[in-house]
Protein chains: 2
Amino acid sequence: MKLTKGIEQAICIITLLATQDPDIPVASLEIHTRLKGSLTYTKKIIRKLVVAGLVDSVSGNNGGFTLARNCADINLLQIVEALEGTIETYPDTGLIDEVFKDKQAIANQGTIALRNAFSKADVLWREALKTITVQQLLEEALGKKEILPINWNHSERRELLIRKVMKNIYGND
Amino acid sequence: MKLTKGIEQAICIITLLATQDPDIPVASLEIHTRLKGSLTYTKKIIRKLVVAGLVDSVSGNNGGFTLARNCADINLLQIVEALEGTIETYPDTGLIDEVFKDKQAIANQGTIALRNAFSKADVLWREALKTITVQQLLEEALGKKEILPINWNHSERRELLIRKVMKNIYGND
DNA sequence: GGGGCAATACTCGGATATTAATTGTCCGAGTTCTGCAGG
DNA sequence: CCTGCAGAACTCGGACAATTAATATCCGAGTATTGCCCC
């Protein structure tokens, strides 16, 4: 039982966006060159993050993706569940009651007991991941409290855009 | 992220054996007729339980399987890990350090942080399952403290064997 | 009657096929910006 | 100068292909019991 590899990518995408100036979207192509795997699959993962509300998409020319909220408000559980939905580890088909059906069993009691047991374990797992925010991860990874924005874009067009944004913020220079 | 369906079967097999007189092994065929799925796959699951030391196998005519220890000493985690090995949910390839390699990152620190986070969650999950024994499950499912042994065998040969065992225990009758 | 021998009913374990889930590919459509041509 | 139009650079989203993991099948081998045959 493992999470899919997509989870690892998703975490990378989120942290990457967390270090990006939110005024300058990062194109999926730029994100892709930083990750392993295929471009189109990366897009698929990003899409799920958008649907989950963790990432905003900007379409059109100079479009791309930005974080939808502060990285202190994004935790690991949200990323995991954005890709896989609610985590329930027990593959429940009620089999155990089937087995004991004509024996001394109380109806459905076995299934319920098992369901509870795994459900409790799942809750603990989820709670643990919920306590870890992307900000904490960045601080650990970069070893400082302040996170410097990185510009992940490479294309010339993007550079122009960046200069323009800078000009808006800081005026002519 | 789910456990495999085999887990559910494994739990059923263990509980089934837990209600069986340990002097009379249950043949894999008997177990199979109680479960869904294929006979050979059921055998494979049982084999894993044997290798893990939860179940004993008796080969030869009138062979089959018995619990290797008291059902109070078998917990859910042991069953899960018998089939899947140690549970580690994070699909760790160190990708995040790759992404930040040429940026401000401290070597491997991101990977370590992530590994720790998921590892803590996994430990909690495992601990939770460790507290649930098969005996507890049976008590809940059967609604009584005392678990009556059930004879799961059906063949005539088995019936003969059973009578023989009874004779050994209780003398001629 | 008892010693060996074949038949039976099992497990053991590996090699291989099938099915389901994950990952990856392709393509057509929609959206925003840019730059250019014509008035 | 400005209006509108074509093209570029993106995202959106669905349909489909390839790869990998899970499930299922098959088969030959080993082992303990049974029962029978022959001495």
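- Rounding to whole angstrom units, CG of residue Asn61(B) and P of dA6(C) are separated by 18 Å.
- Between the CG atom of Leu39(A) and the C1' atom of dC10(D) there is a distance of 12 Å, rounded to whole Å.
- No contact: Val50(A) has no heavy atom under 4.0 Å from any strand.
- Contact between the side-chain N/O atoms of Thr4(B) and the OP1/OP2 oxygens of dT23(D) is found at a separation under 4.0 Å.
- Where Val58(A) and Lys44(A) each meet DNA chain D at their nearest nucleotide, the meeting point lying more 5' is that of Val58(A).
- Lys5(A) comes within contact range of the sugar-phosphate backbone alone, with a heavy-atom separation under 4.0 Å but no base atom that close.
- Distance CD/Gln20(B) to OG1/Thr66(B): 9.0 Å, rounded to 0.5 Å.
- When atom types are taken as modelled, the side chain of Glu127(A) and the backbone of Leu124(A) share no donor-acceptor pair closer than 3.5 angstrom.
- Going from atom CD of Gln9(A) over to atom C1' of dT22(C) covers 12 Å, rounded to whole Å.
- Using a 30° and 60° split on the angle between ring planes, Trp152(A) and Phe100(B) fall in the perpendicular class, above 60°.
- The residue among Lys43(A) and Ser38(B) whose nearest nucleotide of DNA chain D is located toward the 5' end is Lys43(A).
- As rounded to whole Å, 13 Å separates atom C1' of dT23(D) from atom CG of Leu83(B).
- If you measure from atom CG of Leu3(B) to atom C1' of dA21(D), you get 15 Å, rounded to the nearest angstrom.
- What separates CD1 of Ile24(B) from P of dC10(C) is a distance of 14 Å, to the nearest Å.
- Taking atom NZ of residue Lys2(B) and atom P of nucleotide dT22(C), one finds them 11 Å apart after rounding to whole Å.
- Atom CD of residue Glu30(B) and atom OG1 of residue Thr42(B) lie 12.5 Å apart, to the nearest 0.5 angstrom.
- For the pair Ile46(B) CD1 and dT23(D) P, the computed distance is 15 Å after rounding to whole Å.
- Contact check, Tyr41(A) against dT23(C): a side-chain N or O comes under 4.0 Å of OP1 or OP2.
- Residues Ala52(A) and Ala82(A) come closest through the heavy atom pair CB-CB, 3.4 Å.
- Within the 4.0 angstrom heavy-atom criterion, base atoms lie near Thr40(B).
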